[in-house]
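Reading through the structure tokens given below for one structure.
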Amino acid sequence: MTTMQWTDDRVERLKRLWAEGLSASQIAAQLGGVSRNAVIGKVHRLNLPGRAKAGGSSSAARPAKRPAQTQRPAAFQTRPAAATTTRTVTRAAGATMLKEEVEVEAYEEVEVRRPLNVVVPISRRLALTELTERTCKWPIGDPMKDDFHFCGCEIADSAPYCTYHAKLAYQPVSERRKAAR
DNA sequence: CCCTGATTCGC
DNA sequence: GCGAATCAGG
């Protein structure tokens, strides 16, 4: 990858995102090509105002005014195809570079029955680069459109999907067609 | 453990 | 100027 640099454009985006209250790691993910340390270092060099309260816990001081999409019940949805291309992305997290493999392409229209009596998670509408090892990687929307995003809600274990989407992902066969035997 | 920003210092 | 390593903290 070409050496990333702080072009005027990237600096402007940095300033805007920092002003919006995004964390350094999130900004790094959004800009791409830089670590959170790089972002923090740049912030200081630019003499941008630091955060009121250092180390602001992720859940405490977070503007996070995501559109908060309300998922409407659908009898059937699209789910990732079994054969998808795997893309490896790196993401800065702390002082570590995490490598993640996320299926991004190839979807198939599959009849998926929505589990009843389960809470449908509120999508955090995360971008590919914002996914971490504990965010649901269930894709939402058309990968070709710019409103494409991932569920991103929290995951219990280190599973790829949240509880809800795991149920969608793993559906033995068909509930209505079990004969053939 | 997860994460946050702050600082240092070799490049 | 840059950012990895490190530190300090929630």
Side-chain angles (χ1 to χ4, degrees), chain A residues 1-71 80 84 86-104 118-141 147-170:
Chain A
M1 176 181 281
T2 19
T3 304
M4 291 304 301
Q5 56 180 311
W6 290 108
T7 60
D8 290 354
D9 180 66
R10 288 170 66 79
V11 170
E12 286 310 305
R13 287 203 287 158
L14 166 61
K15 289 180 179 176
R16 176 166 50 75
L17 295 171
W18 182 259
E20 287 176 10
L22 292 186
S23 70
S25 63
Q26 289 184 305
I27 293 174
Q30 199 149 330
L31 292 178
V34 290
S35 67
R36 77 181 197 94
N37 279 324
V39 170
I40 292 174
K42 187 60 179 176
V43 164
H44 284 209
R45 261 172 262 124
L46 289 171
N47 291 311
L48 294 180
R51 260 57 203 280
K53 289 178 179 178
S57 61
S58 57
S59 56
R62 171 169 291 184
K65 42 191 174 185
R66 300 264 179 194
Q69 150 191 316
T70 300
Q71 294 184 6
T84 62
T86 296
R87 194 168 190 81
T88 300
V89 298
T90 54
R91 169 178 177 284
T96 330
M97 281 304 277
L98 301 177
K99 270 189 170 57
E100 302 176 344
E101 298 190 336
V102 184
E103 291 81 64
V104 274
V118 295
V119 178
V120 178
I122 303 296
S123 167
R124 289 181 57 203
R125 302 180 62 86
L126 298 184
L128 173 62
T129 51
E130 296 178 310
L131 295 175
T132 71
E133 291 182 331
R134 59 180 50 64
T135 55
C136 178
K137 299 165 187 61
W138 185 269
I140 298 175
D147 65 333
F148 177 67
H149 58 277
F150 294 84
C151 172
C153 65
E154 288 204 349
I155 293 175
D157 310 272
S158 299
Y161 305 118
C162 61
T163 308
Y164 174 73
H165 287 129
K167 289 180 180 175
L168 291 183
Y170 179 66

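By convention in this document, chain letters (A, B, ...) are assigned in the order of the sequence lines, proteins followed by strands, and residues within each chain are numbered from 1. Remember, predicted model here, so these are calculated numbers, not experimental data.
Using a distance-only test at 3.5 Å, with no hydrogens or angles considered, no donor-acceptor pair links the side chain of A:Glu12 to the main chain of A:Asp9.
For A:Arg36 and C:dG3, a side-chain-to-base donor-acceptor distance below 3.5 Å is absent, hydrogens and geometry of angles not being considered.
When distances run from any side-chain atom of A:Ile40 to the nucleotides B:dG5, C:dC2, B:dT4, the shortest one goes to B:dG5. The listed nucleotides are C:dC2, B:dG5, B:dC3; the one nearest the side chain of A:Arg45 is C:dC2. Taking the side chain of A:His44 as heavy atoms from C-beta on, and the options B:dG5, B:dC3, B:dT7, the nearest nucleotide is B:dT7. With C:dC2, C:dA5, B:dC3 as the choices, the nucleotide that has an atom nearest any side-chain atom of A:Asn37 turns out to be C:dA5. Picking from C:dG3, B:dC3, B:dG5 the nucleotide with the shortest atom distance to the side chain of A:Thr132 gives B:dC3.
Distance OG1/A:Thr7 to CZ/A:Arg13: 7.5 Å, rounded to 0.5 Å.
Checking the phosphate oxygens (OP1, OP2) of C:dG1, no side-chain nitrogen or oxygen of A:Lys42 falls inside 4.0 Å. Here A:Trp6 reaches the OP1 or OP2 of C:dG3: one of its side-chain N or O atoms lies under 4.0 Å away. Within the structure, every side-chain polar atom (N or O) of A:Ser35 is placed at least 4.0 Å from both OP1 and OP2 of C:dG3.
Between A:Trp6 and A:Leu31, some side-chain heavy-atom pair lies under the 4.5 Å cut-off.
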Intermediate values then yes/no, side-chain contact (heavy atoms from CB on, under 4.5 Å), A:Arg10 and A:Met4: CA-CA 10 Å; A:Arg10 288 170 66 79; A:Met4 291 304 301; 3.0 Å; yes
